[in-house]
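Quick note on labels: first sequence line is chain A, next is B, and so on, each numbered from 1.
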There are 2 protein chains.
Amino acid sequence: MPTSALPYRPHNHDACVAQALAEARDICQQHHARLTPTRERVLELIWQSHKPLGAYDVLAVLAEDGHNAAPPTVYRALDFLQQHGLVHRISSLNAFIGCTHAGKSHNGMFLICRSCGNVLELTAPGVASAVTKAAAQESFRPDDVTIEVAGYCPRCSAEAAHDG
Amino acid sequence: MPTSALPYRPHNHDACVAQALAEARDICQQHHARLTPTRERVLELIWQSHKPLGAYDVLAVLAEDGHNAAPPTVYRALDFLQQHGLVHRISSLNAFIGCTHAGKSHNGMFLICRSCGNVLELTAPGVASAVTKAAAQESFRPDDVTIEVAGYCPRCSAEAAHDG
DNA sequence: CTGCTAATGTTATAATGTTGCAAATTTCGC
DNA sequence: GCGAAATTTGCAACATTATAACATTAGCAG
Ligand SMILES: [Zn+2]
Ligand SMILES: [Zn+2]
Ligand SMILES: [Zn+2]
Ligand SMILES: [Zn+2]
């Protein structure tokens, strides 16, 4: 059994990216939505690691690509990707991360490591139901739930424990 | 029994503000922290309603006051108020709201009405424990938990139900 | 091809938040 | 009280994040 979730341990990340892109193509086809080259490239960049990436970071890489892009290009692509459930915006960081549950209906909960910056997206049914229940007690009708947990991932906790 | 939580129904809001300010003075005294006039005024402005207020909105009112303030004035006051648990930042809105549980240790959960803009802060022990448990399952050490629920408050849901 | 729609390019601007340093105020030991 | 030290504020410039408005191009149906 793995002692750590994927983002925190070495792995063939190219496979992560390849799978994400393949699923994205699939999902867009199902949605009759066009995963244009710009959109696909932005998705690929967002997936370049398990750390969230800012819109202007994406923009900078596009510029390196030789793509003559301005902020709206990136924001539009990110809007599209969010709409189709391919990326999430982490509002406590003003940054974006690839969705690891694309296609499935889910309420993400994000564990954000303050030390290494990696983000793990969980589907936490217990949390979702607790939130729904708490909202219901106030007769509140939830529409969109944001759960972002900043803290320390297992790897960074361990390193901090036996450092100098 | 009240059919709605405080923010959603008419009430003597001046009393809310007065109580919040009184508690703030108390808490700051306990913390040996100085609730200076600027800080107190900013807190009062944040409490002007149960809707979150942006930093630049605060700044604009300070300007009307004749206070010659620049952004750092506001952000510093807000940092101070957050540090002492008197206001919360709602990161999905880039805005600030007065804490309704100041002094007590709590994990806020915010119900944000998309229609009227009011925000209700709850202490939801069930949610907090579910989050802690989910994090523990990933050996993640939580430090700060953000839970923001956008949706429709009872009042606005009711109005939408019998509108034209 | 033609005409429609979705997508992108382009420029400018808005909104939000920070850095760095100097001046003023408050605190506190004496 | 008095002066050094620390906290708080004023101020100017700047950095980052996001959007508005309008022109242009690419994709597609008939
Ligand atoms: Zn990976
Ligand atoms: Zn997701
Ligand atoms: Zn009130
Ligand atoms: Zn609170």
Side-chain angles (χ1 to χ4, degrees), chain A residues 24-25 28-46 51-84 86-97 117 146 148, chain B residues 24-25 28-46 51-84 86-97 117 146 148:
Chain A
R25 281 186 281 261
C28 286
Q29 204 157 35
Q30 285 169 31
H31 291 195
H32 303 295
R34 292 169 49 205
L35 189 60
T36 62
T38 303
R39 290 166 175 174
E40 184 167 340
R41 177 65 174 140
V42 169
L43 180 58
E44 185 184 11
L45 290 174
I46 293 293
K51 305 179 210 278
L53 207 59
Y56 279 76
D57 297 328
V58 172
L59 187 59
V61 182
L62 288 182
E64 285 174 19
D65 281 3
H67 188 308
N68 193 357
T73 302
V74 173
Y75 282 101
R76 288 194 283 228
L78 289 170
D79 284 350
F80 172 90
L81 295 170
Q82 279 182 92
Q83 246 144 32
H84 295 280
L86 301 172
V87 309
H88 293 289
R89 190 185 130 95
I90 307 292
S91 58
S92 60
L93 300 175
N94 294 335
F96 299 82
I97 190 145
T146 299
E148 298 174 13
Chain B
R25 281 184 281 261
C28 286
Q29 203 157 38
Q30 285 170 30
H31 292 195
H32 303 295
R34 293 168 48 206
L35 189 61
T36 62
T38 302
R39 289 165 176 174
E40 184 168 340
R41 178 66 175 139
V42 170
L43 180 60
E44 186 184 10
L45 292 174
I46 292 294
K51 306 180 210 278
L53 206 60
Y56 278 74
D57 296 328
V58 172
L59 187 59
V61 181
L62 288 182
E64 284 174 19
D65 281 4
H67 188 307
N68 194 357
T73 302
V74 173
Y75 282 102
R76 287 192 286 227
L78 289 170
D79 284 349
F80 173 90
L81 295 170
Q82 280 183 91
Q83 244 143 32
H84 294 282
L86 301 171
V87 308
H88 293 288
R89 192 185 128 97
I90 307 291
S91 57
S92 60
L93 300 175
N94 294 336
F96 301 82
I97 190 148
T146 299
E148 297 173 15

Outer limits of DNA chain C sitting under 4.0 Å from a non-hydrogen atom of chain A, read 5' to 3', are C/dA7 to C/dT11

Nearest whole Å is fine: how far is D/dT8 C1' from B/E40 CD? 16 Å

Sequence neighbours excluded, which residues qualify as side chain to side chain donor-acceptor pair (under 3.5 Å) partners of A/E40? A/R25

Please report the shortest heavy-atom distance between A/A95 and A/G54, naming the atom on each side. CB-N, 4.1 Å

Report the distance from atom CZ of B/R39 to atom P of D/dG10, rounded to the nearest whole Å. 11 Å

Would you call the rings of B/F96 and B/Y75 parallel, tilted or perpendicular, taking 30° and 60° as the class edges? perpendicular

Bend angle of the helix from C/dC1-D/dG30 to C/dC30-D/dG1 from five-pair axes at both ends, rounded to 10°? 30°

Would you mind telling me which of B/V61, B/I46, B/V58 makes a side chain to side chain contact (heavy atoms under 4.5 Å, CB included) with B/R41? B/V61

Determine whether more than 12 heavy atoms belonging to other residues, nucleotides or ligands lie under 6.0 Å from atom CD of A/Q82. yes

B/D79: partners by side chain to side chain donor-acceptor pair (under 3.5 Å), with sequence neighbours left out: none

Would one find a side-chain N or O of B/T38 under 4.0 angstrom from OP1 or OP2 of D/dT8? no

Whole angstrom value for the distance that separates P of D/dA6 from NE2 of B/H32: 19 Å

Nearest heavy-atom contact between A/L78 and A/A55 is CD1-CB, 4.0 Å

Looking only at heavy atoms, the pair that brings A/R34 and A/R39 closest together is O-NH1, 2.7 Å

Side chain A/E148, main chain A/I90, donor-acceptor under 3.5 Å: no

Nucleotide by nucleotide, nucleotides 14-30 of chain D touches protein heavy atoms under 4.0 Å in the pattern (B base, S sugar-phosphate only, - none) ---BBBB------S---

Residues two or more places apart in sequence or in another chain: which of them pass side chain to side chain donor-acceptor pair (under 3.5 Å) with A/N94? A/R89

